[in-house]
Structure formats: C-alpha cells, structure tokens
Protein chains: 2
Amino acid sequence: MTTTTGTEASSAGSAAQRERRKRILDATIALASEGGFDAVQMRTVADDAEVALGTLYRYFPSKIHLLVSALDREFERAERRTAELAVPGDTPHERVMFILGRTTAALQKSPLLTEAMVRAFMFADASVAGEIHQVGTRLITMISRAMTGSPYHSQATEEEAAIVRVISDVWLAALVGWVTGRTTAEDVEKQIDVAVRLLLR
Amino acid sequence: MTTTTGTEASSAGSAAQRERRKRILDATIALASEGGFDAVQMRTVADDAEVALGTLYRYFPSKIHLLVSALDREFERAERRTAELAVPGDTPHERVMFILGRTTAALQKSPLLTEAMVRAFMFADASVAGEIHQVGTRLITMISRAMTGSPYHSQATEEEAAIVRVISDVWLAALVGWVTGRTTAEDVEKQIDVAVRLLLR
DNA sequence: ACAGAGGGTAGAACGTGTTTCAATTCTACA
DNA sequence: TGTAGAATTGAAACACGTTCTACCCTCTGT
C-alpha cells in the first residue's frame, strides 16, 4: 500500500505528484459543479486531469474516496480562510448559526457540487473511514470554535462535545434532505436553528 | 406511469401482482441479510423472486427504490406489531430510549441487512423522495408515540415535533456510523441517549 | 553504462445496474 | 368467445466503476 492517504496526503510525494493530485481534484470539482454525482465519471476525470485511468485509481482507490477527498479539500480551504478570525456573535447560538449559516449558504451556491460530495459522504463504507473521519473532525472543530467563540482550541467539556456532535448530525441530515430535494434551502437553516436553540439553552 | 407507488403500493394491483411484489421484497431481504448491499444484485433478485429482470424494474425502478421499499416494509411490520401496545417507561426519556433501543437492537441482529437498507436510504436521490418520506414519517410517528407515551396520535406541539426530528436525525447518523464501521454498537445507544437527555430536559 | 524498481500510460476486459425490444401470456371487456 | 391492450418474459445491449495487461520512462545504486 503506497497510496497517499490521510492527513498528509496533499503534502506527500514529489512536486509532480502533488500537481497531479491537484489536477485530479480540480477536475473532480469542476465536473461535480456542472453535473453532480453522476457527472463525475472516472474516465472523464482522468481525461480532464490528463492522467491515465490507472493513475487516477492509484491516487484515489474509488469514486467515493475521490469525492470525499474533494470535500475534505474544500473544507480545509474554508477552514484556512477563516481560522484566525474571531467568530462574530454574542451568544453561542448566534455564533454557531453564523458559521453554519455561512457554510450552508456557500454550499447552496453550488447545489450540484454539494449533491455530489454529500452523497459520496453518506454512501461511504468502512474503506473510506480515514477520509470520513478527517472531514468529521474538521466539522466538529468548526462548530466547537463557533460555540466557544475563540479561534483557539479551548478544551470542550464532555457535554459541549456531545452538543457539537448532535448539531453536526442535524446539519448533515438537513443537508441530505436538501440535496435530495425533500427540503428547501430555508428549511435547512430553520431546522438547524431549532436544533441549536434546543441544545444551547 | 402505471408503476405502483407510494402509500398504497402493497395493496394495489391484482393478487398475482401483490404476490410478485412480496416475492421480490422477500428475495431482496434474504439476499441483503446474507451479503449486504453488494449481494443484492438485480439479476439475482429477479431470479430468486422468479420474475424477469424487466418485471423487477417495472415494480421497482432502481436498486435504491427496491431497498428503501424493503426498509419501509420492515418498518411497517414492526409498527404493526407494536401499534396498540403502550410504551413502557415513566418519562419521555425512558420511553424514547426504550423504543429506539429496541429498534436498534433489532437492526443490529442483522448487520448486513441493516447495512444494505441504511446505505440505500442515505444514497437515495430525489427520485426516491416518496419512499424516503414514507420511511421518515414512520420513524417520526414511532418516536412521537414514545414521547407522548400514548398509542394514539395526540397532537404534538411545534417544539415536540422539532425535538422528534432532531432525535431521528441523530439516530440515523449514529446508525450510519455503525453500519460503516466507524462506531460500535454501544456507541450508537450512548450517542442517542446523550442526545435525548440534552433535548428532553 | 546498466539493471532493476516504481510510477505512469493506453487500452482492453470484466461486473453489475439499467435500458431496450420482440415475442408471449394474461386480463378485461364487448 | 374474441380481441385489444397491458403485463410479463428472455435475452441482448449499454453505461460506467473497477481491474488487468503490456509497455514505457525516469530515477537510483553499483
């Protein structure tokens, strides 16, 4: 098993390899943005990224790995953009809603991309555990930061951690509902707001 | 579009058709129980149910429809078995945990069947909205009954309904984690317990 | 210089979900 | 009873994720 994996995936390997990896993820995101999950076809991704199909599979062992990795990269970028900023809002409720609201709005601007990534995330099986955990951790970190209001990793209590997990569950469920057309965009916001209000009181 | 669909799916059509539908779902559940999502292959289901592949697709337009319909039938049966019984427990928390705990335990007895159904449920796209909604409604009803403690549909308040939805989100998320090997069986129980405690206080 | 190894490429091949179609059987109704 | 239309069948074909094969570069250690 020589495949790059996990945390240091994007920094491992030669410059050419990092470049290939980037091209693959770029192509993935472009295709997903235009046509959603179904439009991300492995042959097309390989062509667009100018790598052979076999190479694509060497970097990402399945379509699901590929899309979840793309999701992780997007999250990582969003994280980096806002890591050192303090979250505005006077109460935990306000701050959490600010963060989730902004993230949700961003996702709703590219519905097809979101559909592709969310469906991959939900369909992932045990073999994608590493990537899934990575994304889950980022999500938890993001919400925790918003709750405490500090950009630094202040140690959360057991109870706070539990609350954060519940919020992330609700957020994902709402997102799935929206992606599959069962729920409107405003409903997502409202569902989260209700959950956060119930939990942070 | 003559396909049987939605609520009255199992009662519509001739006796022979109901019989075919039943055979198909039986075969689906048998295969899923033995080998999970991947073992439910459309050709095999058709063979086992003794219908042609085309007929299978007339009844269920995709593998996902098929599995979600199977999930719905299982839920419906569970519902019927317990519809008129009062839920034991002195507090909403106890009652909700009783119901979810028992259901979770039942699902954990057939891990592969559960894996197949849960993954189909989470992967479903907009075309499965009807079946998904059906299952979601059953789930909500079940939890509501447990919360109020009455077998009858006492009108829930806005707030109660919101709580129920959050609980069902958490339950599904925990189930997904378990199905994909990210979480142990006890964790599922614990996660739900924490969420219910946070919400019902 | 050279052999070997590892990654890359092109393309065929395989498995399974889905579609299609001609032929047959069933069902409802005049 | 006869017949039109719907449902079912069997089998082939298609699409796309995934795997496999044969070959080519480019390094690296001797």
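Convention: sequence-line order gives letters A, B, ...; per-chain numbering from 1.
- Across B:Val164, B:Val170, B:Ile163, a single residue satisfies side-chain contact (heavy atoms from CB on, under 4.5 Å) together with B:Ile167, and that is B:Ile163.
- Residue B:Thr55 is the one, among B:Thr55 and A:Lys63, whose nearest nucleotide of DNA chain D lies closer to the 5' end (criterion: closest heavy atom).
- Residue B:Asp38 contributes atom CG, which lies 12 Å from atom C1' of C:dG17 at whole-angstrom precision.
- Rounding to whole angstrom units, CZ of residue B:Phe60 and C1' of C:dT18 are separated by 16 Å.
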Look for any protein N or O under 3.5 Å of an N or O in nucleotides 11-15 of chain C and output each such pair with its distance, or none.
| unit_1 | atom_1 | unit_2 | atom_2 | d |
| --- | --- | --- | --- | --- |
| C:dA13 | N6 | A:Arg43 | NH2 | 3.3 |

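- Using a 30° and 60° split on the angle between ring planes, B:Phe75 and B:Trp171 fall in the tilted class, from 30° to 60°.
- Distances shorter than 4.0 Å separate some side-chain N or O of A:Gln17 from OP1 or OP2 on C:dG8.
- At D:dT8, one or more side-chain N or O atoms of B:Tyr59 fall inside 4.0 Å of OP1 or OP2 (strictly under the cut-off).
- Panel note: side chain A:Ser110, backbone A:Leu107; no donor-acceptor pair is recorded below 3.5 Å.
- One can place CG of B:Asp47 at 12 Å from P of C:dG17, the figure rounded to the nearest angstrom.
- Mapped onto DNA chain C by nearest heavy atom, A:Ala16 and B:Val40 fall at different nucleotides, with A:Ala16 at the one closer to the 5' end.
- Atom CD of B:Glu19 is separated from atom C1' of C:dC26 by 17 Å (rounded to the nearest Å).
- If you take CZ of B:Arg119 and P of C:dG17, they are 12 Å apart, rounded to a whole angstrom.
- Residues satisfying the side chain to side chain donor-acceptor pair (under 3.5 Å) test with B:Arg119, not counting sequence neighbours, are B:Glu115.
- Spacing between atom CZ of B:Arg58 and atom C1' of D:dA6 amounts to 7 Å, rounded to whole angstrom units.
- Taking the charged nitrogens against the carboxylate oxygens, A:Glu79 and A:Arg145 have no contact shorter than 4.0 Å, which rules out a salt bridge.
- Note: CZ (B:Arg23) to C1' (D:dT8) measures 12 Å, nearest angstrom.
- Under the 6.0 Å distance and 45° angle rule, B:Lys63 counts as a cation-pi partner of B:Phe37.
- Comparing C:dG8, C:dT18, D:dA7 against the side chain of B:Arg20 picks out D:dA7 as the nearest.
- The pair A:Glu158-B:Arg197 does not meet the salt-bridge criterion, since no charged nitrogen lies less than 4.0 angstrom from a carboxylate oxygen.
- The CG atom of B:Leu56 sits 16 Å away from the C1' atom of C:dT20 (whole-angstrom rounding).
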